[in-house]
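Remarks on the structure that follows.
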2 protein chains.
Amino acid sequence: MLEPITPAVEADAEKPKTRRDAAGTKARILAVATREFASHGFEGATTDDVAAKARVNKRMIYHYFGSKEQLYLEVLEQAYANARGAEARLKLDEADPVAALTRLTEFTFDSFSRDRTFISLLNTENRQKAKVLKKSSRVEDMNSTIMASVDRILQKGAASGAFRKDLDAFQLWISVVGVSYFYFSNIHTLSVIGGRKLDDPALLAQRRRHVVDFVLSAVRP
Amino acid sequence: MLEPITPAVEADAEKPKTRRDAAGTKARILAVATREFASHGFEGATTDDVAAKARVNKRMIYHYFGSKEQLYLEVLEQAYANARGAEARLKLDEADPVAALTRLTEFTFDSFSRDRTFISLLNTENRQKAKVLKKSSRVEDMNSTIMASVDRILQKGAASGAFRKDLDAFQLWISVVGVSYFYFSNIHTLSVIGGRKLDDPALLAQRRRHVVDFVLSAVRP
DNA sequence: AATATAATTCACTCATCAGTTACTTAATAA
DNA sequence: TTATTAAGTAACTGATGAGTGAATTATATT
C-alpha cells in the first residue's frame with residue numbers, strides 16, 4: 001500500500017509536460033462553461049467543475065475571465081453571437097415571402113432541435129431578470145437584422161397578396177419563435193405530463209410540420 | 001456597549017411567546033419556498049433563506065419536508081395543482097368553439113401575465129430534465145382534462161365548419177400556450193434586445209390581441 | 001395531574017465554493 | 001544569454017450551505 005509508485009509507462013517520449021496555449025485554454029474554459037451553465041444554471045454551475053472538465057487549473061478562469069459572472073457573461077455573449085451569425089447566413093431576402101417565412105420557421109425549429117444550450121442559457125438569464133445581459137456592451141443591436149428581415153418579408157407578402165396586411169413584424173417573430181421554443185424548452189415536463197417522449201423522431205417531425213403549417217395558416221389573408 | 005439590554009417594551013401583554021401552528025408553519029414554508037425556487041432556481045435557493053423569510057426555524061423544513069428536494073417537489077406539485085384547478089374552472093365545453101378557443105387563449109395569456117412563478121419553476125425543472133417531476137405520484141393524469149377539452153372544441157369547430165379539419169389537439173395546445181409562454185418566459189432578455197419594456201401595459205395589450213388573433217387565424221378553414 | 005406526542009429551538013458538523021496568495025516555469029524579445 | 005512577460009500550479013481562506021443531534025416546551029389525551 002505504501003510503496004512508491006514506479007513511473008514505468010509515463011517515462012517514454014516525454015514532451016515538455018505543460019505546453020502553453022493561451023487561446024486554447026481560454027476557448028476550452030468557455031466551451032465547458034457553456035455546457036455547465038446550461039446544465040446547472042448560473043448558481044448551480046461551479047468554477048471547480050468547469051476547471052476540472054476543461055482540464056485546467058481553476059486559477060486560469062480568474063486569469064482569463066476575472067470572475068464567475070464575467071465568465072457567464074462571455075458565455076452568453078458568445079451564444080448570442082452564434083445565433084445571430086446563423087441567422088445572418090439565412091439569406092431571407094432572396095426568396096418569395098411564403099418561402100422566406102417557411103425557411104425562417106423551419107430554421108428556428110431546427111436550431112432549437114439540434115441544440116438546446118441557448119434555450120437553457122436564456123432561461124437562466126431571464127430568471128435573473130437579464131441582470132447580466134444588461135451589462136453587456138456587445139448585445140445592443142443584436143436583434144435589428146432579423147427584425148428588419150421579417151419586416152421586409154411581411155411587406156412583400158402584403159404587397160403580393162400572399163399575407164394579410166395588418167401583421168406586426170415583432171409580434172409575428174415572437175410567435176414564430178415561441179411555437180418552437182416552448183416545445184423544446186419544456187420538452188421534459190411536457191413528456192412526463194403528456195406520457196410520450198417529445199424528442200422521438202416521429203413526434204419531432206410531426207411538430208415541425210405543425211409549426212410551419214400553423215404559422216403559414218395564421219398569416220394568410 | 002456591554003450593558004445588558006433592558007427588556008422594556010417587550011414585557012407587555014406577553015402571550016405564550018411561541019404559539020404552535022403546524023398547518024400554518026408548513027404552509028408558510030411552502031409559500032416562501034415557491035418564491036425562492038422561482039427566483040433563484042433549485043440550486044440557487046437556500047434553505048436558510050426560506051427559513052428566515054418564513055420566520056421559521058430551519059429545522060422545521062426538515063421536520064415537514066425531509067429534504068430540500070422534497071420541498072421543491074411539493075412546491076412543484078402545488079403549482080401544477082393550482083394551474084390545473086384554474087383550468088378546470090374555465091368551463092370550455094359550454095361556449096361555441098370559436099368562443100371557447102378564444103377563452104382558452106386569453107386565459108393562458110392572462111395567467112402567465114398575472115404571475116410568472118409557474119413559468120420559472122417549469123424552466124428550472126426542465127433544466128434538470130424533469131428529474132424531480134418524474135418522482136411525483138400526483139402528476140400522472142394532470143394533462144388529460146385540458147387535452148380532452150381542446151379535442152372537443154376542435155371536433156365541434158370542424159363539424160360546424162368554423163375550424164379546419166386536420167388539427168391535432170396536442171399540437172394546437174402546445175402552440176396556444178407557446179405563443180404566450182415565450183413572451184413571458186423571455187420577457188427580460190427580449191426587452192433588452194428589443195429595446196422596449198415588454199411588460200408595459202400598452203405592449204401587453206397589443207401582445208394579447210396578437211396572440212388571440214394569431215391562433216384564430218391559424219385554425220380557420 | 002401525569003403522560004405522550006408533536007412543534008420548536010439551539011448549536012453544531014462537514015462539505016463545497018468563489019476567490020486569492022505566492023510561487024514556478026515556458027516562451028519571447030532585448 | 002538574460003531579462004521580461006505571460007501561462008500555469010499548489011495550497012490556501014473565509015463564507016456559506018444542506019443537513020443533524022439533542023434538547024425544550026406547548027398541546028392533546030388519558
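Just so you know, these numbers come straight off a predicted model, no measurement behind them.
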* Would A:Glu125 and A:Lys131 pass as an ion pair if we require N to O under 4.0 Å? -> no

* **Those residues of residues 57-73 of chain A lying under 4.0 Å from DNA chain D by at least one heavy atom** => A:Asn57, A:Arg59, A:Met60, A:His63, A:Tyr64

* Hey, what's the ring geometry for A:Phe184 with A:Phe109, parallel, tilted or perpendicular (30° and 60° as the breaks)? -> perpendicular

* **Pair B:Asp48-B:Thr46, side-chain donor/acceptor within less than 3.5 Å** => no

* Atom-pair distance (NZ on B:Lys26; P on C:dA7), nearest Å -> 10 Å

* Relative to the ring of A:Phe118, is the ring of A:Tyr80 parallel (under 30°), tilted (30 to 60°) or perpendicular (over 60°)? -> perpendicular

* **Backbone of B:Gln171 reached by a side-chain donor or acceptor of A:Arg207 within 3.5 Å** => yes

* Atom CZ of A:Phe37 and atom CD of A:Glu43: how far apart are they, to the nearest 0.5 Å? -> 10.0 Å

* Rounded interatomic separation in angstrom, taking CZ from B:Arg20 and P from C:dT8 -> 6 Å

* Rounded distance [0.5 Å steps], CD1 in A:Ile153 versus CG in A:Leu167 -> 12.0 Å

* OP1, OP2 of C:dA7 versus side-chain N and O of B:Thr25: anything below 4.0 Å? -> no

* Asked: Do any of residues 36-48 of chain B sit with a heavy atom less than 4.0 Å from DNA chain D, and if so which?
  -> B:Ala45, B:Thr46, B:Thr47, B:Asp48

* Any salt bridge between A:Arg208 and A:Asp110, counting N to O under 4.0 Å? -> yes

* To do: Classify the angle between the aromatic ring planes of B:Tyr181 and A:Phe182 as parallel (below 30°), tilted (30 to 60°) or perpendicular (above 60°).
  => tilted

* Nearest-angstrom distance from the residue atom CG of B:Asp49 to P of D:dT16 -> 11 Å

* Structure fact -> Overall bend of the helix from C:dA1-D:dT30 to C:dA30-D:dT1 (five pairs an end, 10° steps) is 0°

* To do: For the residue pair A:Phe214 and B:Phe214, categorise the inter-ring angle as parallel (less than 30°), tilted (30 to 60°) or perpendicular (more than 60°).
  => perpendicular

